[in-house]
Visitor: 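Just passing along the structure, written as structure tokens.
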Amino acid sequence: MAGLLVGGPVLFGLIHVTFGLLCGGLTRLSRNAQLSGLTRARIEQFEKAEMFHCKIERQEEARRAEIQQQEVQRRAEIYESRRKVEEARRREGQAQRQREEQAQRQKLTNHWALLEPLRFERELGGLYKQLGYSVQLTPQSGDHGVDLVLKKNGKTTVVQCKRQKSPASERIVRELLGSMVAARADRAVLACTGGFTQPAKDFVRGQPIDLLDIEQIIKLTERIERQSQQDDPKATVSFNGIPVCPRRGCGSEMVLRDGKFGRFWGCPRYPACDGTRQAEKWTKIV
């Protein structure tokens with residue numbers, strides 16, 4: 001009995017302690033649960049914020065990509081627009097040059113077609129002279145069908161000039177061949193502003209005869225013009241010390257002129273020839 005009385009308080013104390021521990025544990029568990037719930041809520045809130053920010057960033061990236069694509073497209077459109085403008089200018093310039101060339105060609109055609117017979121011979125002889133030939137005009141009568149005699153590099157060429165509207169026939173070509181043989185020439189040229197008949201063209205095949213119509217004469221003129229645009233390195237001064245035109249095939253004695261950049265030597269045949277020399281290099285002549 002006494003042992004029971006003594007052990008009662010002890011048992012009661014143990015029960016009290018156990019109950020306290022149990023309540024404390026439950027309190028801690030409840031608090032931990034509350035903390036865990038708050039943490040999950042914060043995590044969910046953070047995740048939602050992260051998702052929102054990611055969504056915003058993706059939208060920004062998409063907007064930047066769209067702006068960049070628009071800029072690329074805008075630059076491409078500007079480039080294409082400029083290219084079209086430059087292409088239109090190029091075509092217009094080319095068309096303008098073609099119109100100028102056609103007008104110049106028509107002008108030359110009219111010039112050669114309207115020349116008097118004697119002037120036609122002289123101007124054609126002038127073309128050959130610019131090509132380096134020595135040119136001799138034959139007398140107006142008794143020329144035996146030869147109007148010009150050309151010599152170059154030991155070769156002789158006879159030329160017959162026909163300033164007429166109708167095409168030259170085969171008979172004229174045959175007569176010129178006989179004149180070439182009689183003159184012991186190496187070659188013959190028949191120049192006719194009216195062109196040539198087909199039998200005449202057929203006859204000269206294999207023969208030492210060249211046919212020159214207005215088109216061929218114009219090509220000859222253009223050839224001389226191209227050569228005249230090239231400077232001749234051998235062109236220096238004339239026999240009296242005056243500089244000569246450097247354009248190949250010209251060789252005219254130059255004259256002193258005043259320009260906006262000072263004095264210079266210019267070709268007296270300007271604008272037909274645009275050869276120039278610097279006056280400083282010829283101060284001893286001034």
Side-chain angles (χ1 to χ4, degrees), residues 100-152 155-180 182-183 185-197 200-201 204 208-229 244-245 247-255 266-275:
E100 291 175 356
E101 290 175 358
Q102 290 175 357
Q104 179 65 16
R105 185 170 287 267
Q106 185 61 43
K107 182 178 179 181
L108 289 173
T109 300
N110 296 336
H111 170 76
W112 288 102
L114 298 177
L115 286 177
E116 294 296 329
L118 181 58
R119 188 176 175 186
F120 176 56
E121 296 175 10
R122 291 177 176 177
E123 291 206 12
L124 187 61
L127 293 182
Y128 279 107
K129 187 174 183 179
Q130 293 184 62
L131 289 173
Y133 289 87
S134 64
V135 181
Q136 176 185 354
L137 271 70
T138 60
Q140 293 298 304
S141 60
D143 56 10
H144 304 288
V146 175
D147 300 310
L148 303 172
V149 178
L150 313 178
K151 292 185 178 182
K152 184 178 181 181
K155 301 290 185 179
T156 301
T157 302
V158 292
V159 182
Q160 186 178 31
C161 302
K162 293 288 186 182
R163 217 289 296 159
Q164 60 187 37
K165 294 182 180 180
S166 59
S169 64
E170 179 185 355
R171 177 185 61 80
I172 298 177
V173 181
R174 288 181 179 275
E175 291 176 355
L176 179 59
L177 179 61
S179 300
M180 182 196 74
D186 301 285
R187 200 164 188 85
V189 175
L190 177 60
C192 181
T193 55
F196 307 92
T197 63
K201 296 178 182 180
V204 299
I209 300 177
D210 298 322
L211 301 181
L212 292 184
D213 55 12
I214 289 184
E215 185 68 20
Q216 295 298 325
I217 295 175
I218 292 175
K219 289 182 179 180
L220 193 65
T221 305
E222 293 173 346
R223 173 186 168 189
I224 294 171
E225 181 65 22
R226 287 193 300 269
Q227 290 181 355
S228 68
Q229 299 303 317
V244 298
C245 181
R247 294 298 188 220
R248 194 179 301 276
C250 182
S252 302
E253 290 188 358
M254 308 187 81
V255 293
C267 182
R269 296 178 56 240
Y270 181 84
C273 178
D274 60 353

Visitor: Does any part of the side chain of F196, heavy atoms only, come nearer than 4.5 Å to the side chain of L190, both counted from C-beta?
Guide: yes
Visitor: Working to the nearest 0.5 angstrom, can you tell me the gap between L108 CG and I217 CD1?
Guide: 10.5 Å
Visitor: How close do L211 and A200 get, counting heavy atoms only, and between which atoms?
Guide: CD1-O, 4.3 Å
Visitor: Could you list the residues that satisfy side chain to side chain donor-acceptor pair (under 3.5 Å) with D186, not counting sequence neighbours?
Guide: none
Visitor: Could you check whether any side-chain N or O of R163 sits under 3.5 Å from a backbone N or O of A113, counting only pairs where one atom can act as donor and the other as acceptor?
Guide: yes
Visitor: Evaluate whether atom CZ of R122 has more than 12 neighbouring non-hydrogen atoms of other residues, nucleotides or ligands under 6.0 angstrom away.
Guide: no
Visitor: If you take all heavy atoms of A185 and V158, which pair is closest and at what distance?
Guide: CB-CG1, 3.8 Å
Visitor: Is there a donor-acceptor pair under 3.5 Å between the side chain of K162 and the backbone N or O of I172?
Guide: no
Visitor: What pair of heavy atoms forms the shortest contact from V135 to K129, and how long is it?
Guide: CG2-N, 3.8 Å
Visitor: So, S134 side chain and K151 main chain: donor-acceptor pair closer than 3.5 Å or not?
Guide: yes
Visitor: What is the minimum heavy-atom distance between K201 and V204, and which atoms define it?
Guide: O-CG2, 3.2 Å
Visitor: Apply ring-ring contact (aromatic ring centres under 6.0 Å, His included) to F120 and list each qualifying residue two or more places apart in sequence or on a separate chain.
Guide: W112
Visitor: So do I209 and V189 actually touch side chain to side chain, heavy atoms under 4.5 Å?
Guide: no
Visitor: Side-chain contact test, heavy atoms from C-beta onward, threshold under 4.5 Å: evaluate it for Q104 versus E100 and give yes or no.
Guide: no
Visitor: Could you check T157 against Y128 for side-chain contact (heavy atoms from CB on, under 4.5 Å), going step by step and ending with a plain yes or no?
Guide: CA-CA 11 Å; T157 302; Y128 279 107; over 6 Å; no
Visitor: Under 4.0 Å between a side-chain nitrogen and a carboxylate oxygen: does that hold for R171 and E175?
Guide: yes
Visitor: Less than 4.5 Å apart, any side-chain heavy atom of C192 and any of Q164?
Guide: yes
Visitor: Using the side chain to side chain donor-acceptor pair (under 3.5 Å) definition, which of the options E123, E121, E116 pairs with R119?
Guide: E123
Visitor: If you round to the nearest 0.5 Å, how far is CD1 of I214 from NE2 of H111?
Guide: 10.0 Å
Visitor: List the atom of G195, the atom of D213, and the distance in Å for their closest heavy-atom pair.
Guide: CA-CB, 4.1 Å
Visitor: Is the shortest side-chain heavy-atom distance between Q160 and S179 below 4.5 Å?
Guide: no
Visitor: Can you find a pair of side-chain heavy atoms, one from L220 and one from L131, that are under 4.5 Å apart?
Guide: yes
Visitor: Find the distance between CG (L212) and CG (L124) and round it off to the nearest 0.5 Å.
Guide: 6.5 Å
Visitor: Rounded to the nearest 0.5 Å, what separation is found between the NZ atom of K107 and the CD1 atom of I218?
Guide: 12.5 Å
Visitor: Judged by atom type as modelled, is there a donor-acceptor pair below 3.5 Å linking the side chain of T138 to the main-chain atoms of V146?
Guide: yes
